[in-house]
Amino acid sequence: MEDMELTSEQKYLLRRVEIEAKAMSKDELVEALCTSWEARFKLKQTFIANSREAGFMFFLEERHPWQQPETREEFEDLMGYAPTEDEANDYLREMWEIATMELDMDEIVLTPDDDSGL
């Protein structure tokens, strides 16, 4: 997915924030930064809750990828429901396979680029 451009309005607002921030003290900047992160988290929670109500599930977690859920409560928080033991095992197996993925060089087939037919 390519990067999306900001709209003219967004660019204008961002420049306005930059100008206003230059006049702020360090404490005011820290407060503004924390407030913006709090708003980001609330928007994310709203998005996830509304998506679940509509029947969609997204895994948008702040946790680090190496932090696997270990308790039933952590799985429920991650998945939005109480998974069965098989679902939990499948999830952990899939995460392990992604984290330890290796290429099978014998299965890779290299072909020459053939642009003559185009």
Side-chain angles (χ1 to χ4, degrees):
M1 184 175 170
E2 66 184 65
D3 290 336
M4 298 181 84
E5 278 289 319
L6 296 176
T7 66
S8 304
E9 294 82 8
Q10 290 169 332
K11 289 177 184 177
Y12 169 79
L13 290 171
L14 192 56
R15 178 71 176 132
R16 186 172 149 197
V17 167
E18 179 184 353
I19 291 169
E20 290 176 5
K22 287 182 180 182
M24 298 171 86
S25 70
K26 181 179 178 181
D27 289 338
E28 290 172 323
L29 287 171
V30 169
E31 178 65 28
L33 178 63
C34 290
T35 301
S36 69
W37 273 92
E38 181 181 353
R40 178 184 182 265
F41 292 142
K42 288 179 180 179
L43 285 171
K44 182 178 161 187
Q45 290 172 342
T46 301
F47 172 78
I48 290 172
N50 290 337
S51 297
R52 283 189 182 144
E53 285 179 19
F56 298 104
M57 176 163 312
F58 297 94
F59 293 109
L60 304 174
E61 295 299 318
E62 259 68 33
R63 73 172 52 231
H64 295 286
W66 62 84
Q67 293 176 320
Q68 296 183 32
E70 296 177 359
T71 65
R72 179 151 302 280
E73 292 79 21
E74 288 177 349
F75 272 104
E76 288 178 21
D77 288 343
L78 177 69
M79 299 183 143
Y81 64 94
T84 65
E85 188 173 332
D86 288 339
E87 287 175 321
N89 288 334
D90 289 344
Y91 175 79
L92 291 174
R93 188 177 310 107
E94 182 180 329
M95 291 298 103
W96 173 256
E97 288 173 0
I98 290 170
T100 62
M101 181 175 25
E102 294 182 13
L103 295 177
D104 185 353
M105 297 306 287
D106 294 330
E107 293 296 320
I108 297 175
V109 178
L110 301 176
T111 59
D113 292 337
D114 186 14
D115 293 335
S116 62
L118 297 175

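The structure presented is a predicted model; accordingly, all values stated were derived computationally and were not measured. This chain uses plain numbering: 1 for the first residue, then up along the sequence.
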Group every Ile, Leu, Val, Met, Phe, Trp and Tyr by side-chain heavy-atom contacts under 4.5 Å, then state whether L33 and L14 land in the same group.
-> no
Distance, nearest 0.5 Å, that separates [atom1] of [X] from [atom2] of [Y]:
X	Y	atom1	atom2	value
R52	F47	CZ	CZ	11.0 Å
R40	E38	CZ	CD	13.0 Å
L13	R15	CG	CZ	13.0 Å
D90	E87	CG	CD	8.0 Å

R16/E20 under salt bridge (charged side-chain N to carboxylate O under 4.0 Å, His left out): CA gap, chis, key distance, verdict = CA-CA 6 Å; R16 186 172 149 197; E20 290 176 5; 3.2 Å; yes
Smallest separation among heavy atoms of A88 and P83, with atom names = N-CB, 4.3 Å
Give the minimum heavy-atom separation between E28 and M24, together with the two atoms involved.
-> OE1-CA, 3.2 Å
Would you sort out whether Q10 and E5 count as a side chain to side chain contact (heavy atoms under 4.5 Å, CB included), showing the intermediate values?
-> CA-CA 10 Å; Q10 290 169 332; E5 278 289 319; over 6 Å; no
Please check if atom OH in Y12 has more than 12 non-hydrogen atoms from other residues, nucleotides or ligands closer than 6.0 Å.
-> no
Could you go step by step and tell me if I48 and K44 meet the side chain to side chain contact (heavy atoms under 4.5 Å, CB included) rule?
-> CA-CA 6 Å; I48 290 172; K44 182 178 161 187; 4.0 Å; yes
